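Report on the following structure.
Note that these values count all heavy atoms, side chains included, but never hydrogens, waters or copies made by symmetry. Note that the structure is a prediction, hence the values are computed from the model and not measured.
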Amino acid sequence: MFAFIQGTVVEVDIDSIVLENNGIGYRIYMPVPSFEGFLSIGENTKVYTVLSVREDGMSLYGFRTKDELYIYKLLIGISGIGPKAAISILSSVPSGEFKMAVVMGDDKKLSKAPGIGKKSAQRIVLELKDKFDINDFAGLSDGMEEIVPAEETKVPSETVEALCALGYGRQEALAAVRQAKITEGMDVEDALRKALSELSIL
């Protein structure tokens with residue numbers, strides 16, 4: 001019904017904001033990372049929205065990016081995962097980390113969200129594992145020539161980009177790939193696991 005709402009932030013609560021548009025205040029429930037520290041009262045912003053209609057009422061759920069919106073829609077398509085649970089997951093695991101957790105089969109990370117147990121996390125991984133690809137995080141990285149010759153940088157590059165998508169700094173990621181001795185012959189997922197192990201001791 002509402003693809004997005006653009007207006008002025010007039011209220012910021014623990015789990016939602018109120019966005020005023022043409023004299024109407026819309027309460028929009030959002031993942032905490034979407035607005036905490038990013039949206040402030042008086043700011044004009046655009047929020048992608050989904051209207052949830054249930055027997056006990058209607059609620060608007062909002063997202064700052066189409067990426068978050070896409071993940072939310074995937075989550076509520078899973079049996080047992082409703083709008084509130086989906087928002088809880090995205091509040092605990094930002095979209096980039098969520099996709100990586102699914103690709104890597106890291107159900108422990110997903111189960112950190114309140115109300116999401118191990119079985120639910122495993123079901124999410126099982127049903128969404130084909131929706132994302134490790135290459136979504138890949139790309140050529142500056143500085144890879146410091147690690148291996150230019151013609152052999154594909155896997156190390158993808159590993160660095162995946163680490164950056166998880167929130168690590170580029171230099172930190174480069175150091176981890178160097179310490180892990182990532183080579184072109186490795187599987188990208190195995191390379192990422194090795195690099196993450198190095199980051200835990202750097």
Problem - Charged N-O contact under 4.0 Å between K99 and D67 - result: yes
Handout entry: Side-chain ion pair, R27 and D13, N-O less than 4.0 Å
Key = yes
Rounded at 0.5 Å granularity, tell me how far [atom1] in [X] sits from [atom2] in [Y].
| X | Y | atom1 | atom2 | result |
| --- | --- | --- | --- | --- |
| T159 | E189 | OG1 | CD | 10.5 Å |
| S95 | L69 | OG | CG | 11.5 Å |
| L128 | I78 | CG | CD1 | 4.0 Å |
| E20 | Q6 | CD | CD | 13.5 Å |
| I28 | I17 | CD1 | CD1 | 5.0 Å |
| L19 | Y26 | CG | OH | 9.0 Å |

Would you indicate whether the side-chain heavy atoms of [Y] and [X] approach each other to under 4.5 Å?
| X | Y | value |
| --- | --- | --- |
| V12 | V18 | no |
| K109 | V93 | yes |
| I89 | F98 | yes |
| R64 | V47 | no |
| V102 | K131 | no |
| T8 | N21 | no |
| M30 | D15 | no |

Exercise for the section: Kindly determine whether S197 and K194 satisfy side chain to side chain contact (heavy atoms under 4.5 Å, CB included), including the steps that lead there. Expected result: CA-CA 5 Å; S197 295; K194 288 191 66 174; 5.6 Å; no
Return the minimal non-hydrogen interatomic distance between [X] and [Y], and the atom names on each side.
| X | Y | result |
| --- | --- | --- |
| A121 | D107 | CB-O, 3.3 Å |
| I76 | A86 | CG2-CB, 3.9 Å |
| A195 | A176 | O-CB, 3.7 Å |
| L110 | A101 | CD2-CB, 4.0 Å |
| R54 | G82 | NH2-CA, 3.9 Å |

Handout entry: Residue pair I124, L74: steps toward the side chain to side chain contact (heavy atoms under 4.5 Å, CB included) verdict
Key = CA-CA 9 Å; I124 291 170; L74 288 177; over 6 Å; no
Practice task
Would you please classify the geometry between the Y72 ring and the F63 ring as parallel, tilted or perpendicular, with 30° and 60° separating the classes?
Solution key: tilted
Practice task
On the 0 to 90° scale, with breaks at 30° and 60°, tag the Y61-Y29 ring pair as parallel, tilted or perpendicular.
Solution key: tilted
Exercise for the section: Please check if the side chain of T49 supplies one atom and the backbone of F2 the other of a donor-acceptor pair under 3.5 Å. Expected result: yes
Handout entry: N/O donor-acceptor pair under 3.5 Å between S91 side chain and V32 backbone
Key = yes
Practice task
Find out if a path of hydrophobic residues (ILVMFWY) with successive side-chain heavy-atom gaps under 4.5 Å connects L60 to V10.
Solution key: no
Handout entry: Full working for side chain to side chain contact (heavy atoms under 4.5 Å, CB included) between V125 and Q122
Key = CA-CA 5 Å; V125 169; Q122 289 175 334; 5.7 Å; no
Handout entry: Pair L192-M100, side chain to side chain contact (heavy atoms under 4.5 Å, CB included): steps then yes or no
Key = CA-CA 10 Å; L192 183 56; M100 185 61 68; 3.3 Å; yes
Fill in the blank from the handout: Exactly one of S92, P31, S59 clears side-chain contact (heavy atoms from CB on, under 4.5 Å) with I87, and that residue is P31
